[in-house]
Structures are given as C-alpha cells and as structure tokens.
2 protein chains.
Amino acid sequence: MLTTPTPTDPNDLLKLENQLCFPFYAVSRQLTKTYQPHLQALGLTYPQYLVFLLLWEHEQLTVKELGERLLLDSGTLTPLLKRMEQKQWLSRRRDPRDERSVVIGLLPAGRALQAQARDIPAQMLARVGLTLDELTTLRTQLTHIIKQLT
Amino acid sequence: MLTTPTPTDPNDLLKLENQLCFPFYAVSRQLTKTYQPHLQALGLTYPQYLVFLLLWEHEQLTVKELGERLLLDSGTLTPLLKRMEQKQWLSRRRDPRDERSVVIGLLPAGRALQAQARDIPAQMLARVGLTLDELTTLRTQLTHIIKQLT
DNA sequence: TAAAAATAAATTGTGCACAATTAAACATTA
DNA sequence: TAATGTTTAATTGTGCACAATTTATTTTTA
C-alpha cells in the first residue's frame, strides 16, 4: 500500500461543509431572526432583550457586570443602553461610591415588558423543535465551549 | 399538597442562564474572536474567510449562490464583495447570459491565500478542545437546527 | 502623599447583518 | 407582443460588534 489509508484531500478541512464554526454562526443568526417577530412586537432587538433578561432578574447592574455576563464591552453596550434609556426602559447613573462605574436600573416601563415577553421562550422552544433533554445537553456543551474560549 | 410538584417560578424561563439562544450567540462571537489573530494575519474578516472557503472550492459562484450557502443576502454581500474586489482577491461581473446575476470569480491573489489558510482549521480545532467525534455529532445537530429554522 | 498603575466607560472608526425599498433584466401570460 | 409578474442585485438606514484610543476615577506603590 503506497496510498494513505484514507486518502483525504489536504484541502478538505478548508471546505465550508467541514467547518465547525460556520454552523454556530449560522444557527446564531437564524435564531435571532426567529426571535425577530416576537421582539419587534415589544419594540426591542435581541441584544436589548438579553439586557432585559438580566435586569428583570437583578433590577440593578453596572455596565461592567452586564458586560461580564453577556460577554460584551462598553463599545457595544454604551450606545445600546443609551437607546434603551431614551425609551425610558432603564436609567443610567454614576455610582456615587465609585464614579467610574455606571449603574443601570430598571424603570417601570422596562419592568412592564416582562409580562409581554413571558411566552417567548416557550414559543422559541417549540419553533426549534428540540426536546427539553436535547436542549439541556446542548446548553451544557455550549457553556463548556464558551468557558474554553473565554 | 397544595403546591405544584416542582414549584417553578414562571419567570425562570426568562433568566439568562436558562436561555437556549444566548449560548449560541456567545459561542458564535467567541469563535469569531478566536479566528481573529489567524485571519488578521491574512488581512481578512471572518465572513470574508467564509466567502473564500466557497471560492477555493468552486472558483466561480454568483452572489445568489453565495447567499444561499452562507444564508446572507445582497445587503450584506454586495459591500463585502466590493471590499474584496478592491483588494484584487476576486472579480465581479454580470453574467452575459443573464444580466441580473453577478458572477464572483477567484483571482490569483485570492487563490494564493489558500496556502496561508491551510493550518487554520486544525489550530481552531485544537483551541476549542473538542474531539473529532464530538465535533461531528455537534455539527450534525447544528445542521439539523439550521434546516429547522430556515 | 505624590507618582505610577489599574480600572470603568466613553469615543472613534470599520465591518458586518438585515429589513425595506428600488432598479433592471428576464419570464409568463393574456 | 404588450402587460404583468418574478428574479437578482444594489441601495438606504438602523443597530450591533469589536479593536483601539481616550478620559476620568480609584488604587497601589515608591
């Protein structure tokens, strides 16, 4: 045998179908598009929805804390939060005890959106067609990859 | 027993940690960041790299075909391809047999990049720390989700 | 405590992503 | 074949993402 056992083209790894990362990139964008109609009804974007998920749970968080949890920096968050502030959904003020920090606080109009968002997760789950088990397993794997890369 | 068997807060589904989609969103962005140093060395962005993966394999594709494979529309592709054209990596010309279509063709400078990109997939694979088996299984699942959502 | 280092946001500039609209070419059909 | 409808890109406008730099504040250290 002079040929290799599996005569693989060395360029096979550079084909789109063999990429690991493209499926992640594609799924992420398709998921965001699937959220679109639900979120549009509330007048918010997907990243803004993520900010609300945290604020509905915590009421108050600094920009730094939001950034750590969402893996976003101030270059992304500052303009995004300013847009949300303009809609009276949240407040932005310097922490008096540390003027470097900006504290983001949930306002009544923002709190009121939670009720309207309540059914979104279940509707999304139905749409992707995964069982709760599959979803949990997948989430564990993804969380592990995130930890690996961060 | 007056309480439910598993007394779950109805708002639990609206917590970030219980989201399906955030991990996808986060993994996708972290992966792109991990590509960054490799791609920067070649002077290209991640979406531009994806275009090259297709052109290295097919030499010529219409904007429509690129869009179908990458799930991107002309609003994204047209300016991206114009930037790649400016770097002499590819050509853009109308199809003489159907003037509606624009054919993207690989140019020598673009073809030459393939050699420099050859090691990127293996380095990325090592970086994410998945076995080839895990990767294959994951890719199958993701491809299924994409089909489900598209 | 004065100088140096570190931290937190904001700013600047580039490049996607995508919805919505427009324009041109082609196909269909009345 | 003229009118209608469809297809393909390009355009316009908004909102992320992120690298790199800047500014203000706080902490550390000499």
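Here is the naming used below: chain letters follow the sequence lines, and residue numbers restart at 1 for every chain.
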side-chain N/O B:Q48 vs C:dC16 OP1/OP2, d < 4.0 Å: yes
Quiz item: A:S101 side-chain donor-acceptor pair to C:dA8 base, under 3.5 Å: no
Sugar-phosphate only, base, or nothing, as touched by B:L72 at under 4.0 Å among non-hydrogen atoms: sugar-phosphate
Heavy-atom donor-acceptor pair, B:S74 side-chain to D:dA10 base, under 3.5 Å: yes
Sugar-phosphate, base or nothing in reach of B:T32, heavy atoms under 4.0 Å: nothing
Options D:dA9, D:dT25, C:dC18, nucleotide nearest the side-chain atoms of B:V63: D:dA9
Option among A:L50, A:V128, A:V27, A:L31 that satisfies the side chain to side chain contact (heavy atoms under 4.5 Å, CB included) test with B:C21: A:L31
Which nucleotide in C:dA25, D:dA10, C:dC18 has an atom nearest any side-chain atom of B:V102: D:dA10
B:R100, nearest nucleotide to its side chain (from C:dA9, D:dA17, D:dT7): D:dT7
A:E68 CD to C:dA9 C1', straight-line distance once rounded to whole Å: 14 Å
Distance in angstrom units between B:L80 CG and D:dA10 P, rounded: 12 Å
SB check A:K64 A:E68 (cutoff 4.0 Å): yes
Sugar-phosphate, base or nothing in reach of B:T45, heavy atoms under 4.0 Å: sugar-phosphate
OP1 or OP2 of C:dA10 under 4.0 Å from side-chain N/O of A:T78: yes
Under 3.5 Å: donor-acceptor pair, side chain of B:D73, backbone of B:T76: yes
Integer-rounded Å distance: C:dT14 P and B:R83 CZ: 11 Å
Which residue lies more 5' along DNA chain D, comparing A:P79 with A:D95 via nearest heavy atoms: A:P79
Contact under 4.0 Å: A:K82 side-chain N or O vs C:dT11 OP1/OP2: yes
Rounded distance in Å - OH (A:Y35) to P (C:dA19): 17 Å
Any B:R97 side-chain N or O less than 4.0 Å from OP1/OP2 of C:dC26: no
N or O in side chain of B:R94 less than 4.0 angstrom from C:dA24 OP1/OP2: no
Heavy-atom side-chain contact between A:T62 and A:D95 under 4.5 Å: no
B:D73 side chain, from C-beta outward: closest of C:dC18, D:dA10, C:dA8: C:dC18
Whole-Å gap separating P (C:dC18) and CG (B:L71): 9 Å
Phosphate OP1/OP2 of C:dA17: any A:Y25 side-chain N/O under 4.0 Å: yes
Separation of D:dA9 C1' from B:L77 CG (nearest whole Å): 10 Å
Rounded interatomic separation in angstrom, taking CG from A:L81 and C1' from D:dG15: 13 Å
Nearest-0.5 Å distance, CG of residue A:L125 to CD of residue A:Q123: 11.0 Å
A:Q114 and A:F52, any side-chain heavy atoms less than 4.5 Å apart: no
B:Q40 or A:P96, whichever maps to the more 5' nucleotide of DNA chain D: B:Q40
Gap between atoms NZ and C1', on B:K87 and C:dT14 respectively (whole Å): 11 Å
Among D:dC18, C:dC26, D:dA10, the nucleotide that comes nearest once only the side chain of B:R92 is considered: D:dA10
